[in-house]
Amino acid sequence: MRHIEIYDTTLRDGAQSEGINYSVSDKLKIIKKLDNLGVHYIEAGWPGANPVDNEVFDAIDYDDLKNAQIAAFGCTRKPNINEADDNVLKTLAQSKARIITIFGKSWDFQVTEALNTTLEENLNMIEGSISYLIKNGKEVFFDCEHFFDGYKANPKCALSVAKTAHQAGAKRIILCDTNGGCMNNEIYKITKAVIDLIPSALIGIHAHNDSDLAIANSIASVDAGASQVQGCINGYGERCGNTNICSIIPNLQLKKDFDVIGENISKLSDTARQIAEISNKSLHSSMPYVGRSAFAHKAGVHASGVRKNSQTYEHIDPNSVGNVRRFLISDQAGSASIKEKLDNLRFIENVIDSDIKKIIDEIKKLEWKGFAFEGADASFEILCMKVLNRQPNFFNILGFRVIGDTITLSDNQKTISEASVKIEIEDEIIHTVSEGDGPVNALDKALRKAIVEKYPEVANFKLDDFKVRILDSKDATAAQVRVTIESSDGTHKWDTVGVSENIIEASYVAIVDSIFYGLMLQGAKSITKSISNSIVPC
């Protein structure tokens, strides 16, 4: 098996993504995640470019790394000066990183227009910079910036840059599609031309995704003989991003049988999600291999096929990349989807075919009203229990009221929300009032206050996320809304949903489901009196 190196540049190129701002702590955490994943090189930043990168290179525990080597990024010297007088090279030479990746121009247009120098001096800059860093004990990788565009404009010039870098002692020659505009057939042809010219060189590919071809272009370069792929976790990077490490690794290892990161590939999905969290970015649910929806099945035909043989609608086993198969519940779900979902529920067993039809009918009726159970497994399980008359009865809500009042404090107006709740537990009527930061918070606090004496478990329940979706904007403020709540108890997480024209009522439905499911998780004792579904004003 041919070995392919993974060079991750999330902390440098990825940090140039709009909306990403890594702290020193963020970068150190990501380095640990990437090292644990098994990437071979981690480009930690550009020493001297900013205080954060300076501190990162000083703070890295180089001896603690298990799989990766740290690389520092920079550029060749400026035109017409000595290497020893160039501040960038001096800083790189002093870096604690053993590997230094520098870039230089390989497009004659860039040399004459951007650098305002000659093609000969450009080659001198490349040769001199690499030699200087090697003399200072560094291993050098050379990024041929704009290589593919440069080759198309002037093949002789571009090839002379790659050859000069190799002869100067660069250990890797990286061909860069800097503008991200090349097609994969061009990438293959040009990579092959470089390998034919300098067969002893180890070639890498650094592709940008401006044409949505970064992964395809990286694969084309590997097929032509490249042995290193550069990219970023989750495809982060300048403009449209870089080659997505989370897709290129399984494509190369699982589909093309290259030796990449071995068994560590099972950590891929967790690594993608953890780094997305550190980056303060939502991981796209539809991202191949690692996204939450990558192995999610909604259509009944698909679910039925996957239950029989996963290869019917899955190209790989989701476990191989650390992901999981999911069956979504919707009005498109068939009996196979429901059966698969029921098999994985916590509190329901022994469901017969006639019951499944009842569940599907109820789902279709509720989804017509605006409910969505794809991301609300707890509400789905409660729904099934209600349809099957197996739901526990913890308390009966007799009614609730929410009011808001605006007051003035120190010349600042503030709206105070107050909720009152009347419930029944074992023939006892409990009426509580609570204030909150907004009507939903007030209602949540009032309900918990009413039941906490009987069910102290609710004190540990926490509302982690609250989302509101307008279902039909043409109805303006009278539109139905869907409220989705994520809750936790420190050990488990669960999602519930509510729908109504009234956002408070939609929230109420989701909150009640949340509390009920949390109490079921805690094994709370159910009361015997049946619960009314009516909502009565207090």
Side-chain angles (χ1 to χ4, degrees), residues 6-31 34-35 39-60 62 65 68-79 81 83-106 110 114-115 125-126 128-130 132-134 136-147 165 170-174 176 178 204 206-208 228 230-233 236-239 241-243 245 275 278-279:
I6 298 298
Y7 180 108
D8 184 275
T9 181
T10 302
L11 300 180
R12 199 271 306 171
D13 227 336
Q16 295 169 195
S17 293
E18 185 174 3
I20 288 183
N21 294 284
Y22 291 131
S23 66
V24 173
S25 176
D26 291 337
K27 286 200 169 191
L28 294 176
K29 289 176 184 176
I30 290 173
I31 286 171
L34 292 171
D35 178 54
V39 304
H40 308 102
Y41 301 100
I42 301 172
E43 192 174 84
W46 186 326
N50 57 71
V52 169
D53 283 1
N54 292 342
E55 189 173 341
V56 166
F57 281 101
D58 287 336
I60 293 171
Y62 294 84
L65 297 172
Q69 297 187 64
I70 298 297
F73 186 77
C75 62
T76 61
R77 66 164 171 82
K78 293 182 176 64
I81 67 171
E83 287 76 22
D85 296 326
D86 187 88
N87 290 330
V88 170
L89 287 182
K90 286 193 293 185
T91 303
L92 291 172
Q94 295 165 5
S95 169
K96 291 184 178 180
R98 186 179 66 84
I99 295 170
I100 306 296
T101 300
I102 59 171
F103 73 91
K105 304 296 185 183
S106 52
Q110 291 277 339
L115 290 180
M125 292 160 58
I126 293 167
S129 299
I130 294 172
Y132 173 81
L133 291 170
I134 292 173
N136 280 273
K138 304 299 184 182
E139 183 174 310
V140 180
F141 293 176
F142 184 73
D143 280 3
C144 300
E145 190 185 32
H146 293 287
F147 185 83
K171 295 295 185 180
R172 305 288 186 276
I173 307 299
I174 314 303
C176 303
T178 308
H206 180 110
H208 283 256
Q228 181 184 105
Q230 298 193 353
C232 300
I233 285 286
Y236 299 149
E238 189 102 21
R239 304 185 310 277
N242 289 45
T243 299
I245 292 292
I275 293 180
I278 296 170
S279 305

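Residue Lys105 holds its NZ atom at 9.0 Å from SG of Cys75, rounded to the nearest 0.5 Å. Atom CD of Gln94 and atom OG1 of Thr91 lie 6.0 Å apart (nearest 0.5 Å). Leu28 CG to Leu11 CG: the interatomic distance, rounded to the nearest 0.5 Å, is 9.0 Å. If you take NZ on Lys171 and CD1 on Ile99, they are separated by 11.0 Å, rounding to the nearest 0.5 Å. For the atom pair CD of Glu18 and CZ of Arg239, the computed distance is 13.0 Å after rounding to the nearest 0.5 Å. Rounded to the nearest 0.5 angstrom, Leu65 CG and Ile31 CD1 are separated by 7.5 Å.
Distance alone, capped at 3.5 Å, is enough to place a donor-acceptor pair between the Ser129 side chain and the Arg77 backbone. Side-chain atoms of Tyr62 come within 3.5 Å of backbone N or O of Phe57 as a donor-acceptor pair. Formation of a donor-acceptor pair under 3.5 Å by the Thr10 side chain with backbone atoms of Ile233 is found in this model. Side chain of Asp8 to main chain of Cys232: no donor-acceptor pair is present (N/O by atom type, distance under 3.5 Å, no hydrogens or angles). Side-chain atoms of His146 never come within 3.5 Å of backbone atoms of Ser106 as a donor-acceptor pair (strictly under, hydrogens ignored). With hydrogens and angles ignored, the 3.5 Å screen pairs a side-chain donor or acceptor of Asp86 with a backbone N or O of Lys78.
There is no side-chain donor-acceptor pair under 3.5 Å between Tyr41 and Thr101.
The minimum heavy-atom distance between Ile30 and Ser279, with the atom names listed, is CD1-OG, 4.4 Å. Contact record, Ile173 with Cys144: CG2-SG, 3.7 Å, taken as the closest heavy-atom pair.
Using a 4.0 Å cut-off between charged nitrogen and carboxylate oxygen, Lys27 and Asp53 count as a salt-bridge pair.
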**Item:** Derivation of the side-chain contact (heavy atoms from CB on, under 4.5 Å) call for Trp46 and Val88
**Value:** CA-CA 9 Å; Trp46 186 326; Val88 170; 4.1 Å; yes
* Going through the checks in order, is the side-chain contact (heavy atoms from CB on, under 4.5 Å) test met by Lys90 and Tyr132? -> CA-CA 9 Å; Lys90 286 193 293 185; Tyr132 173 81; 3.6 Å; yes
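Residues Phe103 and Cys176 are not in side-chain contact: their nearest non-hydrogen atoms beyond the backbone lie 4.5 Å or more apart. Taking the side chain as every heavy atom from C-beta outward, Leu89 and Asn136 never approach each other to under 4.5 Å. Taking 4.5 Å as the limit, every side-chain heavy atom of Gln230 sits out of range of all side-chain heavy atoms of Asn242. In this structure the side chain of Phe142 reaches within 4.5 angstrom of the side chain of Ile102, judged on heavy atoms.
His206 pairs with exactly one of Thr9, Asp13, Asp143, Thr178 by the side-chain hydrogen bond (donor to acceptor under 3.5 Å, both in side chains) rule, that one being Asp13.
Using cut-offs of 30° and 60° on the angle between ring planes, the pair Phe141 and Tyr7 is tilted.
In the displayed structure, Glu55 atom CD is contacted under 6.0 Å by at most 12 heavy atoms of other residues, nucleotides or ligands.
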